Amino acid sequence: MKTKVTIQDIADELNLSRITVSKVLNHSPNVSDETRDLVLKKAQEMNYKSGNTANSNAKESGPQSKSFAFVVHMVPDAFHSGSWIIMQLDQEIRSKGYSLTLHTITMEDVASLTLPPNLNKSQTAAIVCVEMFHPDYSRLICSLGIPVLFIDAGVGFYSMNLNCTLLLMENRVSTLHMLTSLCRKHHLTSMGFVGDRNHCISFRERYESFIVAASECEAETRPYNIIADDHLYCQPGWMTAQLKKMDNLPQLFFCANDVLAHILMLALEELGIQIPRDVFVCGFDGIPSINTFKNSLTTVRIPCKELGTCAAQILLQKIQNPEYICGTTYLNAEVCFRESAPCP
């Protein structure tokens, strides 16, 4: 009979996400008072004990007294790969007797180079960073003497020589295959890139592969690129305004991720431009959360589950063998041709 109550049990009872419940139980400030009261009340009713793990037979001094810290700049929502990675990571480490704690980094934390108050260094066995692109804060995390793994990183990551491991999805070959296949199939002569190429390593690699594909297929790109700082893309009307500035649209837009593709598709729809009749649209990520457009969007599907599994395996090996050499690991991604840019 099950005697241990887990965070997932509480989440199921309240019909909340596991991330939300974890935030409350780890004292994150980014939760409404109503939700916090609801979760704490339910945890008390269910006799939840902090640090519960799947391995109830291990000694108190064993690994279950420690946790893996999942550190993010903002809590990943259903549209972000991090929400899928965290679920798989939790499953992997629970089977080894570790718990998973969630830690959100605020802009104030970054400015002051302060760790979140609920990150207990002595109780942390390893750290996984997602959307952690600030150089100085990355250095702070890596200075704690705890095994650290980044899933993606800022574009200046390699020059910092940090003592950590980097885990990435394969960006270059998949992007090149998707774009060159479409160009050759449909004899395309113009393409545009949408996204901030300096956002992270993955965006930079996707942009560079876009440039290679355009060169190989002799497709014009310069008049059609929409490259700007991240904060501009979600401003109402901004994407539409960028499209209106173009004398002509390219035959294909490649967006650095699927969320940007969604924003672009809404702007094209606002202008009465039909996809794929008037322009092809491609994205990258393939997170199966926004079914309204993901079912029709040509994209590259990243291996979220495998990223979580691989992150756990690398860090568990590092814990067992501190001399384990840090490096960069890429996991294969899969091109998915769909209605927005068909390639039968």
Side-chain angles (χ1 to χ4, degrees), residues 1-60 62-72 74-105 116 118-120 123-131 149 151 167 287-291 302-316 319:
M1 187 175 86
K2 184 175 181 180
T3 59
K4 295 287 186 179
V5 177
T6 67
I7 290 176
Q8 188 62 58
D9 293 332
I10 299 172
D12 292 341
E13 285 286 325
L14 297 174
N15 197 26
L16 294 172
S17 72
R18 188 186 186 285
I19 291 175
T20 299
V21 175
S22 179
K23 286 172 63 180
V24 172
L25 298 177
N26 286 290
H27 312 294
S28 171
N30 301 320
V31 183
S32 69
D33 291 339
E34 181 181 359
T35 300
R36 188 182 305 280
D37 292 342
L38 191 66
V39 170
L40 292 177
K41 181 180 179 181
K42 181 58 68 174
Q44 185 176 13
E45 289 176 0
M46 298 177 69
N47 197 28
Y48 171 80
K49 303 294 185 183
S50 178
N52 283 348
T53 68
N55 185 356
S56 60
N57 296 321
K59 296 179 181 179
E60 181 65 25
Q64 50 278 98
S65 63
K66 289 197 171 185
S67 66
F68 277 42
F70 194 86
V71 179
V72 292
M74 60 180 180
V75 176
D77 56 23
F79 305 154
H80 193 283
S81 60
S83 63
W84 296 80
I85 293 169
I86 193 172
M87 290 188 290
Q88 184 63 27
L89 176 65
D90 183 40
Q91 291 181 24
E92 295 289 337
I93 65 173
R94 261 202 276 175
S95 66
K96 303 298 182 181
Y98 294 93
S99 60
L100 185 67
T101 56
L102 180 66
H103 309 270
T104 55
I105 307 301
N118 61 333
L119 200 161
N120 186 330
Q123 295 299 314
T124 302
I127 298 175
V128 178
C129 295
V130 174
E131 292 285 330
L149 180 142
I151 300 179
L167 182 59
I287 308 303
S289 302
I290 317 175
N291 292 324
I302 65 175
C304 296
K305 180 177 179 180
E306 290 81 359
L307 284 169
T309 297
C310 189
Q313 291 174 346
I314 290 173
L315 287 172
L316 288 168
I319 292 169

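Note that the structure is predicted; figures quoted are calculated from it, not measured.
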With a 4.5 Å limit on heavy-atom distance, are the side chains of [X] and [Y] in contact?
X      : Y      : answer
Ile105 : Pro116 : yes
Thr309 : Gln91  : no
Thr35  : Leu16  : yes
Leu315 : Val128 : yes

To the nearest 0.5 Å, what is the distance between [atom1] on [X] and [atom2] on [Y]?
X      : Y      : atom1 : atom2 : result
Leu38  : Thr20  : CG    : OG1   : 11.0 Å
Cys310 : Lys305 : SG    : NZ    : 14.0 Å
Lys42  : Ile10  : NZ    : CD1   : 9.5 Å

Taking only residues two or more places apart in sequence or in another chain, which ones pass side-chain contact (heavy atoms from CB on, under 4.5 Å) with [X]?
X      : value
Asn120 : Ser122, Gln123
Glu306 : Pro303, Leu331
Ala311 : Leu89, Leu149, Ile151, Leu167
Leu316 : Phe68, Lys96, Tyr98

Checklist entry - Can any side-chain N or O of Asp90 pair as donor or acceptor with the backbone N or O of Met87 at less than 3.5 Å? => result no
Next on the checklist: side chain to side chain contact (heavy atoms under 4.5 Å, CB included) for His103 and Asn118? Distances and angles first, verdict last.
Outcome noted: CA-CA 7 Å; His103 309 270; Asn118 61 333; 3.0 Å; yes
Checklist outcome for this item: Sequence neighbours excluded, the answer for side-chain hydrogen bond (donor to acceptor under 3.5 Å, both in side chains) partners of Gln8 is Asp12
Checklist entry - Under the side-chain hydrogen bond (donor to acceptor under 3.5 Å, both in side chains) test, which residues partner Thr124, sequence neighbours left out? => result none
Item to check | Step-by-step side chain to side chain contact (heavy atoms under 4.5 Å, CB included) determination, Ile86 to Leu102 | outcome: CA-CA 9 Å; Ile86 193 172; Leu102 180 66; 4.0 Å; yes
Next on the checklist: Would Phe70 and Thr101 count as a side chain to side chain contact (heavy atoms under 4.5 Å, CB included) here? Give the steps.
Outcome noted: CA-CA 6 Å; Phe70 194 86; Thr101 56; over 6 Å; no
